[in-house]
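Right, one structure below, let's go through it.
Reminder, nothing fancy here: chain letters follow the sequence lines and each chain counts from 1. Treat the numbers as computed from the prediction; the structure is a model and nothing was measured.
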Protein chains: 2
Amino acid sequence: MAARARRAEVGVMDLARDLGVSTATISRALNGNPAVRPELAERIRQHAEARGYVANRLARALSANTSHAFVGFVIPYVDTPAYSAVAAECARLLSANGTQMILTITENDPERELRQLKELVASRVAGLIISPSTHILDPTKQLLASLPVVQFHRACGIDAPGVFGDDEQAMAQSVLHLAALGHTDIAYLGTSELLSNGAARLRGIRRGMALAGLDPDEMPMRLLEPTRANGRRGVEQLLMEPGTPTALVVGGGSLSIGAAQAVRASGRRLPDELSLVVYGDPAWFALSDPPLTTVCVSYQDLACRAARLLGERLDDRQPPRGGATPVPDPGPYLVTPELCPAGSTAPPPGRRRG
Amino acid sequence: MAARARRAEVGVMDLARDLGVSTATISRALNGNPAVRPELAERIRQHAEARGYVANRLARALSANTSHAFVGFVIPYVDTPAYSAVAAECARLLSANGTQMILTITENDPERELRQLKELVASRVAGLIISPSTHILDPTKQLLASLPVVQFHRACGIDAPGVFGDDEQAMAQSVLHLAALGHTDIAYLGTSELLSNGAARLRGIRRGMALAGLDPDEMPMRLLEPTRANGRRGVEQLLMEPGTPTALVVGGGSLSIGAAQAVRASGRRLPDELSLVVYGDPAWFALSDPPLTTVCVSYQDLACRAARLLGERLDDRQPPRGGATPVPDPGPYLVTPELCPAGSTAPPPGRRRG
DNA sequence: TTGAAAGCGCTAACAT
DNA sequence: ATGTTAGCGCTTTCAA
């Protein structure tokens with residue numbers, strides 16, 4: 001009997017006919033509009049349920065010209081925890097809000113980013129969570145200015161709130177940690193200064209060096225696009241240079257994985273022959289032996305804030321009148337990474353022998 | 001001047017008025033309908049571009065009652081490569097097709113899964129790529145029967161194509177590998193038999209045991225929900241049992257990570273005191289020392305096939321008449337994992353000393 | 001408290 | 001080859 005519930009596609013009109021009321025009443029009841037007599041509303045809801053009615057989100061969003069049906073989630077990659085953890089958390093929070101998340105991968109390609117952003121506004125997304133590509137295009141910036149945006153991990157000079165790791169602070173700390181152990185020859189492998197987070201990390205490193213009484217300009221370093229391969233490459237280059245460093249700090253998650261591999265491949269023993277500080281999610285490094293001293297970032301925390309931030313921004317929609325935004329922008333949220341010292345850092349060889 | 005391009009929201013009507021043609025012509029031109037005079041079509045496209053027109057996907061999808069605007073991507077988790085790699089690849093392929101991907105995380109909760117699936121059909125998704133939850137609900141199955149679906153990693157007894165790792169084969173191989181080294185006390189830590197892949201892996205293990213002349217029923221094993229914590233727990237339990245095994249096979253990605261950690265924490269040396277075979281993406285285990293013998297799965301490969309499969313299914317839409325599907329269903333696609341022997345497997349202690 | 005009717009922005013018959 | 005005219009399924013004035 002009930003099994004023949006094929007693609008019947010029940011709509012408001014059907015419900016209205018069934019119950020002898022108007023589509024308007026149906027709509028109101030289903031949206032919890034208090035103007036409907038409670039008893040009637042209940043009956044309508046039950047009937048809708050019984051007939052297996054599911055509202056067409058497209059029609060709804062089209063009609064109510066503003067809606068929370070979709071938000072866009074735009075990231076360079078999804079197969080690294082820095083992004084996937086945030087994606088997971090945002091999906092969860094948005095879903096609880098009845099909003100669907102359109103996932104979009106840019107692979108750090110500015111053209112692709114722009115194209116996909118256009119498609120997203122074409123889908124009338126209520127807002128956007130984005131980790132911008134390195135070389136963001138101008139039209140992209142303009143687009144971003146036209147709707148609620150929350151950025152994370154990377155900032156791209158637009159006027160939108162964002163959540164970021166407080167990398168500068170953490171990186172400085174890691175240098176001081178090494179210096180306290182007695183290291184003076186510290187090398188840095190990090191991410192392009194064109195990335196806002198790359199720049200912040202480098203600033204931190206330099207500040208740490210200065211605070212430790214070392215000359216930042218003497219420091220051997222490599223700034224590369226953040227990939228595992230570059231992590232390996234960077235280590236190989238840095239360890240081949242004259243005046244080999246006794247300690248290496250890596251500023252970037254993917255770089256760190258590659259770097260740790262390369263260090264092991266080079267045969268250098270941690271921490272006897274080299275001290276190593278990596279960056280990222282501790283889970284990545286769980287298997288390495290010895291455990292690595294890590295600048296730990298809580299991506300979960302970051303994700304929560306990003307999602308919540310967008311939630312607030314969406315609720316700011318339709319400020320009744322007047323141009324002044326009542327909610328003061330609290331500036332960027334900083335998630336403070338924590339330096340977790342472990343077995344990969346120790347005094348340098350010279351010190352230990354002396 | 002051009003800077004005041006506020007939220008002007010150009011629509012087909014505007015373009016039509018500008019150019020003195022009808023909205024129908026605009027629509028046709030923009031959709032590449034050959035019925036429009038090429039010159040006019042070109043002019044229209046240029047004007048649309050110039051005015052910064054972006055078609056409203058919602059209106060489009062609502063009007064053209066069938067569309068490829070959205071597909072749903074439904075997975076239990078996104079922060080593990082088994083899923084995120086597939087998500088990335090699908091997003092890429094779909095995007096090239098002008099389709100947006102709605103990401104949905106079930107966290108393996110059947111209720112949540114059903115709810116989200118309903119929301120997806122409410123958004124009139126053209127199809128679905130899904131890795132079903134463990135205890136899928138009956139209404140969920142019915143829903144899945146009503147639209148093009150491709151499943152991956154896990155099968156849930158619905159009539160839909162899918163792509164899976166050929167785990168049975170690979171797991172059998174790993175047992176044979178250990179047996180060839182001389183192991184007779186082999187333990188297995190795997191995933192619930194309720195999961196299709198858990199069942200397949202266990203079948204493989206048993207087959208391997210039988211082929212090696214060992215009694216599968218004697219084998220110590222634990223079948224747990226696939227999490228890292230359970231990986232640790234399982235190892236602790238198995239290594240505490242009387243008649244401690246000399247080799248351990250782990251069937252599951254997250255389990256493997258936890259297991260590797262627990263083995264190290266237990267102080268057992270690989271491969272001298274214990275041989276270990278893990279399962280999953282080699283990248284996870286890149287840092288472990290010694291390198292782990294791994295059943296390697298190409299998630300990228302799997303992802304490609306899944307996305308392509310859905311592409312085909314979507315093109316099958318609207319079979320003009322007649323009920324017979326012209327394209328024969330090729331059955332499940334199997335991606336064959338590869339056993340990569342490394343330093344974590346060796347002859348058992350007894351053998352070596354003898 | 002409810003209904004009638006006008007859209008939302010686009011596509012697709014059906015005319016011309 | 002182009003225009004006219006209905007819708008798609010819902011929300012939302014405006015009236016009653």
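If you check dC10(C), dG9(D), dA12(C) against the side chain of S63(A), the one that comes closest is dG9(D). Closest contact between the side chain of R60(B) and the listed nucleotides dG3(C), dT11(C), dT1(C) involves dT11(C). When each of dC10(C), dT2(D), dT1(C) is scored by its nearest atom to the side-chain atoms of R37(B), the top-ranked nucleotide is dT2(D). Of the candidate nucleotides dG3(D), dG3(C), dC10(D), dC10(D) has the atom lying nearest to any side-chain atom of V12(A). Proximity note for L62(A) (side chain, C-beta onward) versus dT4(D), dT11(C), dG9(D): the nearest is dG9(D).
Each of V36(A) and A55(B) lies near DNA chain C, and the nucleotide nearest V36(A) is the one positioned closer to the 5' end. Toward the 5' end of DNA chain D, the nearer of the two residues P38(B) and A64(B), judged by each one's closest nucleotide, is P38(B). Both A59(B) and R28(B) lie close to DNA chain C; mapped to their nearest nucleotides by heavy-atom distance, the more 5′-ward contact belongs to A59(B).
Residue R43(B) contributes atom CZ, which lies 10 Å from atom P of dT2(D) at whole-angstrom precision. Going from atom CG of N33(B) over to atom P of dA12(C) covers 9 Å, rounded to whole Å. Atom CD1 of I26(B) is separated from atom P of dG9(C) by 16 Å (rounded to the nearest Å). Spacing between atom CG of L40(A) and atom P of dT1(C) amounts to 11 Å, rounded to whole angstrom units. In this entry the distance linking CG of D14(B) with P of dG9(C) reads 9 Å, nearest Å. The distance between atom CG of L19(B) and atom P of dA1(D), rounded to the nearest whole Å, is 18 Å. Rounded to an integer number of Å, the gap from CG of N56(A) to C1' of dC8(D) is 8 Å. In this structure, R17(B) places its CZ atom 13 Å from C1' of dG9(C), rounding to the nearest Å.
S27(A) comes within 4.0 angstrom of a base, heavy atoms only. In this structure, L58(A) reaches neither bases nor backbone, as no heavy-atom distance under 4.0 Å exists between it and the strands shown.
In this structure, Y83(A) has its ring center under 6.0 Å from that of H153(A). Ring centroid separation for the pair F70(B) and F70(A) comes in under the 6.0 Å cut-off.
For the pair N31(B) and dT11(C), the criterion of a side-chain N or O lying under 4.0 Å from OP1 or OP2 is met. Using a 4.0 Å cut-off, some side-chain N or O of T25(B) falls inside it from OP1 or OP2 of dG3(D). Using a 4.0 Å cut-off, no side-chain N or O of S22(B) falls inside it from OP1 or OP2 of dT2(D). Checking the phosphate oxygens (OP1, OP2) of dG9(C), a side-chain nitrogen or oxygen of N65(A) falls inside 4.0 Å.
Judged by distance alone, the side chain of R313(B) and the main-chain N or O of V150(B) form no donor-acceptor pair under 3.5 Å. One N or O on the side chain of S146(A) and one on the backbone of L143(A) form a donor-acceptor pair closer than 3.5 Å.
Atom CG of L128(B) and atom CG of L120(B) lie 6.0 Å apart (nearest 0.5 Å).
Side chain to side chain, H68(A) and N97(A) fail the donor-acceptor criterion of an N or O pair below 3.5 Å.
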